[in-house]
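Taking it in order: structure first as structure tokens, then the write-up.
Hydrogens, waters and symmetry mates are skipped; everything else that's a heavy atom, side chains included, is used.
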Amino acid sequence: MMMNNMTICNYIVGLLGTIIGGMIMRASAAFSLEFTDNGPGPGFWPFSLGCAMAVAAVVLLLYTFSNRADLSGQKVTLTTAANKRVYMMMGLVVLFCVLINLLGFYLAAAVLIIAVMRLLDYKAVKGIVLTTVLTLAFIYLVFGLLLHTQMPQSIFLS
């Protein structure tokens, strides 16, 4: 079945967004959401993002329901070159999640940064290396040194 109707696509995206947003909120609620003298608890921002995602998905569902007659005439093409690039980016995010466990955060992030820059047709090797090194250094300084956050390690180093 080819989903080329905007109404059907919006209902699917809205339903999935609501479910995923709810799952993020549920998982984040296992951590403290309360504000302390040091700021919000570790679950606050993920919970807020999950809530924003669920609200946006519900708004999409309501919009689609109220405008279904107009939207049903609009066709959706899922196989354009731009959409294929989006699918590849989604695949890179999934690969990043897998690589975090295998390689650790910093190596996985380096692979992700390089892959994303190549996907976006950036070819200057010096720029890619500089961006990767500066981004990882910034993450290490802010999260590792200032906030004392332990980044995920490789399963081979555990």
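The number of heavy-atom neighbours closer than 6.0 Å to CZ of Phe44, taken from other residues, nucleotides and ligands shown, is above 12. Annotation for Lys75: atom NZ counts as buried by contact number, over 12 foreign heavy atoms lying within 6.0 Å.
In terms of heavy-atom proximity, Ala57 sits nearest to Gly17 at CB-C, 3.6 Å. Between Ala108 and Ile100, the shortest heavy-atom contact is CB-N, 3.7 Å. Of all heavy-atom pairs spanning Ala110 and Leu136, the tightest one is CB-CD1, 3.8 Å. Closest non-hydrogen pair, Asn5 versus Ser72, comes out as ND2-O, 3.3 Å.
There is a path of hydrophobic side-chain contacts, each under 4.5 Å, that joins Leu141 to Met151. If you chain together hydrophobic residues whose side chains sit under 4.5 Å apart, Met6 and Leu78 fall into the same group. Val133 and Val111 fall into different hydrophobic clusters, where Ile, Leu, Val, Met, Phe, Trp and Tyr residues are linked whenever their side-chain heavy atoms come under 4.5 Å apart, directly or through other members. At a threshold of 4.5 Å between side-chain heavy atoms, the hydrophobic network of Ile, Leu, Val, Met, Phe, Trp and Tyr places Leu134 and Met117 in two separate groups. In this structure, Ile20 is not a member of the same hydrophobic cluster as Val93, with clusters built from ILVMFWY side-chain heavy atoms closer than 4.5 Å.
Rounded to the nearest 0.5 Å, atoms CD1 (Ile19) and CD1 (Ile24) are 12.5 Å apart. From Leu16, atom CG reaches atom CE of Met23 across 10.5 Å, with rounding to the nearest 0.5 Å. Put simply, CD1 on Ile139 and CG on Leu145 are 13.0 Å apart, with the number rounded to the nearest 0.5 Å. Atom CG of Leu120 is separated from atom CE of Met88 by 9.5 Å, given to the nearest 0.5 angstrom. Between atom CZ of residue Phe35 and atom CG of residue Leu33 there is a gap of 9.5 Å, rounded to the nearest 0.5 Å.
Counting heavy atoms from C-beta on, the side chains of Leu107 and Leu99 never come closer than 4.5 Å. With a 4.5 Å cut-off on side-chain heavy atoms, Thr131 and Tyr122 do not count as touching. Side-chain contact between Leu147 and Val142 is present, with heavy atoms from C-beta onward closer than 4.5 Å. Side-chain contact between Tyr11 and Leu61 is present, with heavy atoms from C-beta onward closer than 4.5 Å. Under the 4.5 Å side-chain criterion, counting only non-hydrogen atoms from C-beta, Leu92 is in contact with Val116. Looking at heavy atoms from C-beta onward, Phe138 lies out of side-chain contact with Phe143 at the 4.5 angstrom threshold. Taking the side chain as every heavy atom from C-beta outward, Leu71 and Thr64 approach each other to under 4.5 Å.
At distances below 3.5 Å, not a single donor-acceptor pair connects side-chain atoms of Tyr63 with backbone N or O atoms of Asn10. Counting only distance, with no hydrogens or angles, the side chain of Thr149 and the backbone of Gly144 share no donor-acceptor pair below 3.5 Å. Within the 3.5 Å criterion, the main-chain N or O of Ala82 finds no donor-acceptor partner in the side chain of Arg85.
Partner of Ile114 under the side-chain contact (heavy atoms from CB on, under 4.5 Å) criterion, chosen from Leu119, Val125, Thr132, Val129: Thr132.
Remark: Arg118 pairs with no residue by the salt bridge (charged side-chain N to carboxylate O under 4.0 Å, His left out) rule, at least two apart or across chains.
Phe47 and Phe31 have their aromatic ring centers separated by at least 6.0 angstrom.
Think of Val94 as one node in a network of Ile, Leu, Val, Met, Phe, Trp and Tyr side chains linked at under 4.5 Å; it has no links at all.
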